[in-house]
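Excluded from the calculations below are hydrogen atoms, water molecules and symmetry mates; all remaining heavy atoms, backbone and side chain alike, are included.
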Amino acid sequence: MRVGSETWSPRLRLVAGQRALRDVFGNFPSGVVGLCALDRDGSVAGMAVSSFTSVSLDPPLVSVCVADSSRTWQRVRDARTVGISVLGERDGALCRALAGPADSRFDGFDWTAGDGDAVFLRGAVAWLECSVTAEVPAGDHVIVLLGVRAASSVPWERPLVFQGGRFWTLSEGVRPPSVGDGPDARVSRTGSFSFSMRWRSLVRCRGSRPRGSR
């Protein structure tokens, strides 16, 4: 059995500058979530985050990474609860707005606040009500660990996918040649940003505890 190849290598280069590294990171496709809450003044605040990760089922935990210089996170982090809305395939315009100027991010878009301070966005494919349990410094970012208190999803809707600086959507029914009996899916470019919504009741989760007030 032959191991390895003498004719191929990935041609790695030393990292020289943030732009080159950003381009490499950009090849990894991810979903996008809206991380939103009411701040101390009762005003809505939020941002688009692509570094969302499920962490644990017991206790239910997720994480996000935010820039340590983010002024929006400073407004959101002290909320009693934080809302995470997993953006749908038609939410490209909403995603761009959440990454735009802070004072106009929610203009023209529907949102609602939960019993705590969590804010949820209309048209998402999933919602999670969370509380911040820990913050871990990591270079120029902060890894935020959140306990999931309640959750809901719309499984028949497709999520927004971000890769290479563009939005994509999952398309069913096309089997790549290399795929065996696994799930059928391929990625295709999306060009429509109309909005839809189907609300479902949040399902309460056990095992998570809100952090103490600070």
Side-chain angles (χ1 to χ4, degrees), residues 18 22 25-26 28-55 61-114 116-153 159-168 193 195 197 210-211 214:
Q18 294 183 4
R22 186 189 299 272
F25 288 169
F28 183 75
S30 67
V32 184
V33 304
L35 184 69
C36 309
L38 299 178
D39 64 13
R40 293 180 177 179
D41 298 327
S43 300
V44 63
M47 68 183 98
V49 177
S50 61
S51 55
F52 167 79
T53 304
S54 58
V55 175
L61 297 169
V62 297
S63 71
V64 295
C65 293
V66 297
D68 57 12
S69 60
S70 171
R71 287 178 291 182
T72 300
W73 174 241
Q74 296 306 315
R75 296 174 60 191
V76 170
R77 67 193 298 268
D78 288 323
R80 291 172 295 172
T81 56
V82 177
I84 293 178
S85 301
V86 180
L87 301 188
E89 64 180 357
R90 293 178 289 273
D91 288 340
L94 174 56
C95 181
R96 287 192 292 268
L98 290 173
D103 58 354
S104 60
R105 289 179 182 175
F106 297 88
D107 291 356
F109 300 104
D110 291 338
W111 57 271
T112 187
D117 297 322
V119 167
F120 304 103
L121 303 173
R122 181 178 184 178
V125 300
W127 301 270
L128 299 94
E129 182 186 62
C130 304
S131 57
V132 177
T133 62
E135 296 181 50
V136 181
D140 57 5
H141 278 62
V142 176
I143 302 172
V144 183
L145 194 65
L146 302 113
V148 181
R149 298 161 55 92
S152 178
S153 68
L160 182 69
V161 177
F162 184 72
Q163 186 269 337
R166 293 182 290 179
F167 298 128
W168 306 78
F193 301 117
F195 294 91
M197 174 199 171
R211 64 170 179 168
R214 292 185 292 179

Do you know which two heavy atoms are closest between [X] and [Y], and how far apart they sit?
| X | Y | result |
| --- | --- | --- |
| Val144 | Val132 | CG1-CG1, 4.0 Å |
| Cys130 | Arg149 | C-CD, 4.1 Å |
| Ile143 | Cys65 | CG1-SG, 3.9 Å |
| Leu160 | Gly88 | CB-O, 3.2 Å |
| Val76 | Ala37 | CG1-CB, 4.0 Å |

Task: Val148 side chain reached by Val62 side chain, heavy atoms, under 4.5 Å - done: yes

TODO: Taking the side chain as every heavy atom from C-beta outward, state whether Ile84 and Phe120 have any atom pair closer than 4.5 Å.
DONE: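 They are not in contact (no side-chain heavy atoms under 4.5 Å apart), so the answer is no.
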
To the nearest 0.5 Å, how far apart are [atom1] in [X] and [atom2] in [Y]?
| X | Y | atom1 | atom2 | answer |
| --- | --- | --- | --- | --- |
| Gln74 | Arg40 | CD | CZ | 9.5 Å |
| Leu121 | Cys36 | CG | SG | 4.5 Å |
| Thr133 | Glu135 | OG1 | CD | 9.5 Å |
| Leu146 | Thr53 | CG | OG1 | 11.0 Å |
| Arg122 | Ser85 | CZ | OG | 13.0 Å |
| Leu145 | Leu61 | CG | CG | 5.0 Å |

Donor-acceptor pair, distance only, cut-off 3.5 Å: does the side chain of [X] make one with the backbone of [Y]?
| X | Y | result |
| --- | --- | --- |
| Asp41 | Ser43 | no |
| Ser70 | Trp73 | yes |
| Thr81 | Glu129 | no |
| Trp168 | Gln163 | yes |
| Arg105 | Gly46 | yes |
| Asp117 | Arg80 | yes |

Open item on the list: One pair to check against side-chain contact (heavy atoms from CB on, under 4.5 Å): Leu38 and Val44. What are the steps and the verdict?
Closed with: CA-CA 5 Å; Leu38 299 178; Val44 63; 4.2 Å; yes

Task: Partners meeting ring pair (Phe, Tyr, Trp, His ring centres under 6.0 Å) with Phe162 (sequence neighbours left out) - done: Phe167

